Enquirer: 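Here's a structure for you.
Protein chains get the first letters and strands the later ones, always in sequence-line order, with residue 1 at the start of each. Computation of the quantities below employed the complete heavy-atom set of this structure, encompassing side-chain atoms and omitting hydrogens, waters and symmetry-equivalent molecules. All values reported here derive from a predicted model rather than from experimental measurement.
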Protein chains: 2
Amino acid sequence: MKQVTLWGLGSMGSGIAKLLRRRGIPIAAVWDRDQEKVGTSVGQLLGDGLGNGVFVSQPDENYPPPGNVLIIATGSFVPEVYPQIMEGLYAGQHVLTIAEEMAYPWASHQKLAENIDGAAQAKGVSVLGTGINPGFVLDALIGFLSACCSRVESVYASRVNDLSPFGPTVLKSQGVAVTPQEFADGLEDGTIVGHIGFPESIHLAASMLGWTIDRIEQEREPIISNTKRETPFITVEPGQTAGCRHRAWGYSGGRCVIQLDHPQQVCPDVEGVSTGDHITITGEPSLSMDIQPEIPGGTGTVAVTVNAMEKLFHAPPGLRTMADLVIPSCRQ
Amino acid sequence: MKQVTLWGLGSMGSGIAKLLRRRGIPIAAVWDRDQEKVGTSVGQLLGDGLGNGVFVSQPDENYPPPGNVLIIATGSFVPEVYPQIMEGLYAGQHVLTIAEEMAYPWASHQKLAENIDGAAQAKGVSVLGTGINPGFVLDALIGFLSACCSRVESVYASRVNDLSPFGPTVLKSQGVAVTPQEFADGLEDGTIVGHIGFPESIHLAASMLGWTIDRIEQEREPIISNTKRETPFITVEPGQTAGCRHRAWGYSGGRCVIQLDHPQQVCPDVEGVSTGDHITITGEPSLSMDIQPEIPGGTGTVAVTVNAMEKLFHAPPGLRTMADLVIPSCRQ
């Protein structure tokens with residue numbers, strides 16, 4: 001029987017907690033550093049009426065984390081979640097995280113990835129980074145569709161989405177509602193980052209296609225708005241940025257084999273931009289897939305995480321990727 | 001090291017043989033009952049210039065089949081391929097087949113499926129039925145996409161394809177170029193069958209979604225042509241049938257949860273019908289996917305079979321389905 005410790009009760013963590021509870025998967029503990037949440041009942045915070053007597057606690061209070069699965073929804077980068085993953089592993093837990101870099105952690109932190117793999121194997125448990133993107137749309141889905149191909153020459157994939165539902169933190173990191181000069185400065189000083197996950201998606205898709213990636217290029221461009229755009233959180237004036245078009249190219253043997261395109265902006269519809277996920281595989285046969293509108297990032301990440309958990313239990317011990325799982329699905 | 005016996009060198013078998021050879025996977029034997037092929041070199045028949053000294057032989061000549069994998073491309077139905085599968089299992093081989101009913105053989109032949117499962121487990125090898133449809137588009141792909149959903153209410157999926165490349169045998173079984181009365185008679189006497197694989201796809205998708213199917217309904221309707229349609233193999237006069245629209249509905253707990261639609265006809269373009277694969281999942285979130293044009297049935301089946309083989313080796317012994325495999329992909 002699975003029993004989960006959930007580390008991080010932000011927007012994604014709350015969604016994961018609700019889905020776990022709805023599926024009847026017991027939550028043994030919920031950890032969060034936010035003092036406004038600590039001491040409050042999880043049922044009250046989630047408002048789902050499924051009180052089970054669990055109260056949010058400080059991460060170190062209940063060490064070691066109880067249960068046999070740790071789900072981490074705290075940060076995006078390997079070094080942030082590394083100590084948290086290790087706490088779970090020391091306690092003998094399977095670990096899942098939505099940290100983007102953990103979708104393929106060898107891409108950014110080879111040594112930490114090896115440490116995680118070693119610790120997981122020693123304990124006979126598995127670790128997985130997952131989410132909708134990286135983790136599904138621009139990598140695992142490409143790989144799965146390629147199963148219909150006898151040969152793949154190259155892949156182009158794009159995810160055109162709408163940032164309007166997102167709050168100030170995300171909008172700031174995407175460089176929304178600033179001047180072109182402020183956008184350039186933000187890229188320079190690292191406050192504007194665009195999408196996190198391109199190297200991970202490229203390596204993950206390449207691993208499914210049998211390619212070795214020897215170089216990745218990335219480019220972040222401002223999407224300048226011609227119109228006034230308004231969300232509950234922000235107003236974009238004409239001439240300001242509506243978001244960031246982030247692209248990446250993965251090369252194998254000097255040839256660009258994977259090209260990914262991820263323009264993220266508020267209110268794309270006001271300028272006639274349709275949102276959607278698109279994959280073109282050039283090969284034998286070639287194929288072209290569209291999902292319109294795009295798979296929602298928030299609810300999609302929550303679902304992929306809980307659905308992947310069901311398969312992670314049966315994966316070989318160690319640090320795994322989505323490519324190592326038995327085909328995940330929504331088994332309700 | 002894999003070494004394959006291929007049973008059946010028709011159109012699909014030839015495609016599989018070519019792909020195996022291109023990937024450097026040795027073919028130990030090729031079996032076919034066609035006297036025009038027996039005794040001829042495989043390289044000559046395939047025309048791929050990769051002569052390896054293998055000659056087509058009668059199925060029983062070389063018994064037991066050599067190598068550690070048997071791929072069967074001979075028939076569509078469980079009872080046809082059952083003795084062939086058993087020959088492979090007795091020889092300790094993993095077995096793959098493109099027989100449509102084998103994609104989920106419990107749907108049509110529970111007892112034979114149990115026998116296969118038992119024999120495979122006893123030998124510690126695995127058996128898989130696969131192909132583009134059933135096996136991918138209207139089942140495994142539905143399941144994989146559902147990984148983005150926290151809840152699925154129902155599924156609608158369609159595959160609109162073009163029969164123009166197919167020869168007389170397929171066209172006859174789909175009821176092409178006959179009068180509406182002849183179509184009705186053909187359904188009645190079993191010479192017109194439509195698509196083979198709906199119960200299999202419905203059960204396979206349902207198994208990935210955690211549903212138990214308690215009833216399946218099917219309907220086959222003639223697609224009446226308003227125009228003259230011509231292929232290299234057949235001419236359809238206005239008022240004759242251009243093909244068969246075959247639909248199926250799967251019920252769980254009295255509710256229709258999976259609806260599949262597969263109109264197959266020659267020259268759909270002459271009446272403005274676009275071909276494509278479509279999946280709508282109604283749930284949380286809902287999503288809508290299109291692949292246009294449709295994934296080609298022939299080259300797709302060849303690729304899925306060889307790509308799935310790579311994963312079948314690592315599946316637990318027994319009778320398996322696509323839902324049991326680690327996410328397959330085109331690892332070239």
Side-chain angles (χ1 to χ4, degrees), chain A residues 15 18-19 22-23 130 132 136-137 140-152 205 207-211 276-277 279 281 283-285 287-296 298-304 306-308 311 314-316 322-332, chain B residues 15 18-19 22-23 130 132 136-137 140-152 205 207-211 276-277 279 281 283-285 287-296 298-304 306-308 311 314-316 322-332:
Chain A
K18 281 185 188 174
L19 182 52
R22 213 173 68 200
R23 293 217 180 146
T130 188
I132 206 71
F136 196 88
V137 175
L141 182 53
I142 292 170
F144 185 63
L145 287 174
S146 81
C148 303
C149 303
S150 59
R151 192 174 51 84
V152 177
S207 77
M208 299 178 81
L209 292 161
W211 290 334
D277 296 317
I279 293 172
I281 295 178
E284 194 179 314
L287 63 89
S288 171
M289 186 223 70
D290 285 284
I291 296 174
Q292 285 184 321
E294 86 281 16
I295 302 174
T299 52
T301 290
V302 164
V304 165
V306 176
N307 291 328
K311 303 300 180 185
H314 306 289
M322 287 293 282
D324 298 314
L325 299 190
V326 168
I327 305 175
S329 60
C330 177
R331 270 192 74 87
Q332 5 186 25
Chain B
K18 281 184 190 174
L19 182 51
R22 216 173 65 200
R23 293 215 180 149
T130 188
I132 206 70
F136 196 88
V137 176
L141 183 54
I142 292 170
F144 185 63
L145 288 174
S146 81
C148 302
C149 304
S150 58
R151 193 174 50 82
V152 176
S207 77
M208 299 179 81
L209 293 161
W211 291 334
D277 296 318
I279 293 172
I281 295 179
E284 195 179 308
L287 63 89
S288 172
M289 186 224 70
D290 285 285
I291 295 174
Q292 285 184 322
E294 86 281 15
I295 302 174
T299 52
T301 290
V302 166
V304 165
V306 176
N307 291 327
K311 305 299 181 185
H314 306 288
M322 287 293 282
D324 298 315
L325 299 190
V326 167
I327 306 175
S329 60
C330 176
R331 269 192 74 86
Q332 1 186 28

Enquirer: So which of B:G210, B:C330, B:A303 has the largest heavy-atom pair count under 4.5 angstrom toward chain A?
Expert: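 Looking at each of B:G210, B:C330, B:A303 in turn, B:C330 comes out on top.
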Enquirer: Given that the side chain runs from C-beta out, which part of B:Q332 has a heavy atom under 4.5 Å from chain A: side chain, backbone, both or neither?
Expert: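 Both parts, backbone and side chain.
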Enquirer: Would you mind telling me which of A:S288, A:G276, A:P296 has the largest number of heavy-atom pairs within less than 4.5 Å of chain B?
Expert: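 Option with the greatest count: A:S288.
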Enquirer: Can you tell which part of A:D290 gets under 4.5 Å to a heavy atom of chain B, answering side chain, backbone, both or neither?
Expert: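 When you check distances to chain B, atoms from both the backbone and side chain of A:D290 fall under 4.5 Å.
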Enquirer: Please look at A:V304 and chain B and tell me whether the side chain, the backbone, both or neither of the residue comes under 4.5 angstrom of a heavy atom of that chain.
Expert: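 Both parts, heavy atoms under 4.5 Å.
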Enquirer: Looking at B:C149, B:P285, B:G15, which one has more heavy-atom pairs under 4.5 Å with chain A than the rest?
Expert: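 Between B:C149, B:P285, B:G15, the count favours B:C149.
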Enquirer: For the residue pair B:M289 and B:L141, establish whether any side-chain heavy-atom pair is separated by less than 4.5 Å.
Expert: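 A side-chain contact under 4.5 Å exists here.
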Enquirer: Pick one of side chain, backbone, both or neither for B:V152, based on which atoms fall under 4.5 Å of a heavy atom in chain A.
Expert: both
Enquirer: Between B:E294 and chain A, with a heavy-atom cut-off of 4.5 Å, which part of the residue counts as in contact: side chain, backbone, both or neither?
Expert: neither
Enquirer: Between A:I291, A:L287, A:T299, which shows the greatest number of heavy-atom pairs under 4.5 Å with chain B?
Expert: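 Heavy-atom pair counts peak at A:I291.
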Enquirer: So, taking the atom named CG in B:L145 and the one named CD1 in B:I279, what distance separates them when rounded to the nearest 0.5 Å?
Expert: 5.0 Å
Enquirer: Would you compute the distance between atom CG of A:N307 and atom CD1 of A:I327 and round it to the nearest 0.5 angstrom?
Expert: 13.5 Å
Enquirer: For the pair B:R23 (side chain) and A:S150 (backbone), establish whether a donor and an acceptor sit closer than 3.5 Å, ignoring hydrogens and angles.
Expert: yes
Enquirer: Of the backbone (N, CA, C, O) and the side chain (C-beta and beyond), which part of A:S207 lies under 4.5 Å from a heavy atom of chain B, both, or neither?
Expert: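 Backbone only.
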Enquirer: Ring centres of A:F144 and A:F136 under 6.0 Å apart?
Expert: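 So the answer is no for these two rings.
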Enquirer: Side chain, backbone, both or neither: which part of B:A315 has a heavy atom under 4.5 Å from chain A?
Expert: neither
Enquirer: On a heavy-atom basis, which atom in A:M322 and which in A:P328 lie closest, and how many Å separate them?
Expert: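 Looking at all heavy atoms of both residues, the shortest contact is CE-CG, 4.2 Å.
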Enquirer: Side chain, backbone, both or neither: which part of A:L209 has an atom under 4.5 Å from a heavy atom of chain B?
Expert: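 Contact with chain B involves both backbone and side-chain atoms of A:L209.
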Enquirer: Is it the side chain or the backbone of B:I281 that comes within 4.5 Å of chain A heavy atoms, both, or neither?
Expert: neither
Enquirer: List the residues meeting side chain to side chain donor-acceptor pair (under 3.5 Å) with B:R331, not counting sequence neighbours, and say none if there are none.
Expert: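 Residues passing side chain to side chain donor-acceptor pair (under 3.5 Å) with B:R331: none at all.
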Enquirer: Distance check, rounded to the nearest 0.5 Å: B:D324 atom CG versus B:K311 atom NZ?
Expert: 14.5 Å
Enquirer: On a heavy-atom basis, which atom in B:I295 and which in A:C148 lie closest, and how many Å separate them?
Expert: CD1-SG, 3.6 Å
